[in-house]
Amino acid sequence: MISFEKAMEIIMTDVRTTGSERVDFNEALYRILVEDVFSDVDMPPFNKSAVDGYACRFADLQQPLHVLEVIAAGSLPSRGIGPGECIKVMTGAMVPEGADTVIMVEDTEETEAGVIRFTSGKTATNIAWKAEDVKNGDKVLEKGLLIMPQHLAIMASVGCVNPLVARQPHVAVLSTGDELVEPYHAPRPGSIRNSNGFQLAAQVKDAHCLVSYLGIIPDNEQATQQAISHALENFDMVILSGGVSMGDFDFVPRIMKQNNVEILFRKVAVKPGRPTVFGRTHKSYIFGLPGNPVSSFINFEIFAKPLLYRMMGHNHQPGELSLPLAMDLVRKKADRMEWLPVKFSGEGSVIPVNYHGSAHIHALSLAQGLMCIPQGISEIKKGAPVHVRPI
Ligand code: AMP
Ligand code: MG
């Protein structure tokens with residue numbers, strides 16, 4: 001059995017990336033950028049008025065100002081201004097030469113036709129200066145970025161309409177178990193509905209990868225052999241649930257080996273999910289996750305998701321929070337790192353959800369985060385800080 005940290009190190013060593021493709025930037029949301037993006041413009045591109053008002057000289061604010069012309073956003077002033085002059089500008093319009101201040105319309109009154117007066121005691125400059133935000137040639141987006149809506153605004157502004165992004169890993173999800181029926185059918189006596197096939201497929205999509213759910217594999221060697229060899233040939237990653245423990249019909253690891261999978265670990269000191277199997281072939285990765293749905297959920301989150309992101313060149317940071325625990329917590333055994341479903345209280349503390357173990361999907365469905373208790377820690381006092389990954 002290896003530690004969580006060792007397992008992560010093994011998973012994240014020599015990761016094969018999936019290559020890249022150009023897409024229309026409008027299709028690039030949640031893709032991973034694989035080249036830096038540079039600006040081809042200054043931002044702002046010219047001295048720009050930040051308000052609707054009168055562009056003038058700060059030194060002239062105590063005197064009447066002659067309005068030379070009115071400039072809409074998108075139009076150019078036909079001239080500069082001199083002493084005692086101003087040009088009316090709309091928000092976003094170019095500030096004329098000679099002006100160092102734009103006084104807001106609200107701070108003025110028209111004293112006679114074509115003449116205004118500043119009526120307020122003070123004013124900001126109200127000018128966004130050329131290139132004060134970004135200079136032409138500046139790097140504006142860094143490779144490895146997970147593209148969010150706000151990054152599309154940058155791409156649009158710098159004309160990056162065909163960004164180079166990572167190809168999405170295509171992941172096969174399979175469920176093993178003779179006891180499973182698909183949710184469309186009523187369970188027979190002794191059987192249960194397959195829940196984690198769908199949960200895992202959704203987790204893959206949530207990691208912005210492509211997924212094919214390949215169905216239930218019955219617990220026989222021939223069916224498992226066929227399914228695994230097909231999946232390894234055709235997908236960048238294969239995720240199986242079930243069949244990795246010590247039961248008489250748990251032969252997933254053996255069949256992985258028969259398919260030239262180099263098994264890199266078989267047991268990790270985490271709870272839930274000790275019998276997690278991880279391996280690779282010359283072209284694919286494979287995870288055998290334990291069958292209980294809370295285990296498969298957590299093990300996907302902690303092991304498979306960072307790898308999927310890394311395959312796309314993104315360094316996934318799960319955004320762990322450090323918050324006080326709302327109550328004392330004691331556990332009998334501390335030989336493994338443990339992940340527990342928790343909620344956040346209104347006061348910013350962490351409350352463990354009533355949880356009966358790794359089959360208890362209802363507890364997971366109520367959770368807002370996963371709290372991590374490190375290996376070796378058996379007691380945490382109320383108020384002590386704990387680490388939580390929001391889910
Ligand atoms: P296994 O890892 O195959 O020994 O399965 C452990 C437990 O998880 C058993 O109680 C299984 O019935 C259950 N289980 C396995 N696969 C699934 C699944 N796809 N959906 C829900 N429960 C499952
Ligand atoms: Mg099973």
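What you are looking at is a predicted structure, and each value in this text was computed from that prediction instead of being measured. Just so you know, these numbers use all the heavy atoms, side chains as well, and skip hydrogens, waters and symmetry mates. One-based numbering, in listed order, for ligands and for the atoms of each.
- One finds a salt bridge joining E21 and R31 here, because a Lys/Arg side-chain nitrogen approaches an Asp/Glu carboxylate oxygen to under 4.0 Å.
- Here K283 pairs with E233 in a salt bridge; the nearest charged N to carboxylate O distance falls below 4.0 Å.
- The closest protein non-hydrogen atom to atom 21 (C) of ligand 1 is S195 OG, 3.3 Å.
- Residue-to-ligand polar distances place G291 within reach of ligand 1: an N/O pair is separated by less than 3.5 Å.
- E69 and S78 share a side-chain donor-acceptor pair at under 3.5 Å.
- A side-chain donor-acceptor contact under 3.5 Å links S345 to the backbone of E347.
- Here the protein heavy atom with the shortest distance to atom 19 (N) of ligand 1 is N196 OD1, 2.2 Å.
- Considering backbone and side-chain atoms together, G243 places an N or O closer than 3.5 Å to an N or O of ligand 1.
- Here S245 has side-chain heavy atoms under 4.0 Å from ligand 1, and that is the only part of it that gets that close.
- Taking 4.0 Å as the cut-off between side-chain N and carboxylate O, E301 and R389 do not count as a salt-bridged pair.
- In this structure, E221 pairs ionically with R254, as a charged nitrogen and a carboxylate oxygen lie closer than 4.0 Å.
- With respect to the salt-bridge test (charged N to carboxylate O, under 4.0 angstrom), the residues E262 and R280 do not qualify.
- Of the heavy atoms in V244, none comes closer than 4.0 Å to ligand 1.
- Under 4.0 Å from ligand 1, not a single heavy atom of I216 appears.
- The contact set between ligand 1 and P293, taken as ligand atoms under 4.0 Å from a residue heavy atom, comprises 21 (C), 22 (N).
- In terms of protein heavy-atom proximity, atom 22 (N) of ligand 1 is nearest to I192 CD1, 3.3 Å.
- Taking every heavy atom of N194 and a limit of under 4.0 angstrom, the matching atoms of ligand 1 come to 18 (C), 19 (N), 20 (N).
- Remark: K333 does not engage E338 in a salt bridge, criterion side-chain N to carboxylate O under 4.0 Å.
- Ranking protein heavy atoms by distance to atom 12 (O) of ligand 1, first place goes to E179 OE2, 2.5 Å.
- Atom 10 (O) of ligand 1 has as its closest protein heavy atom N292 OD1, 4.1 Å.
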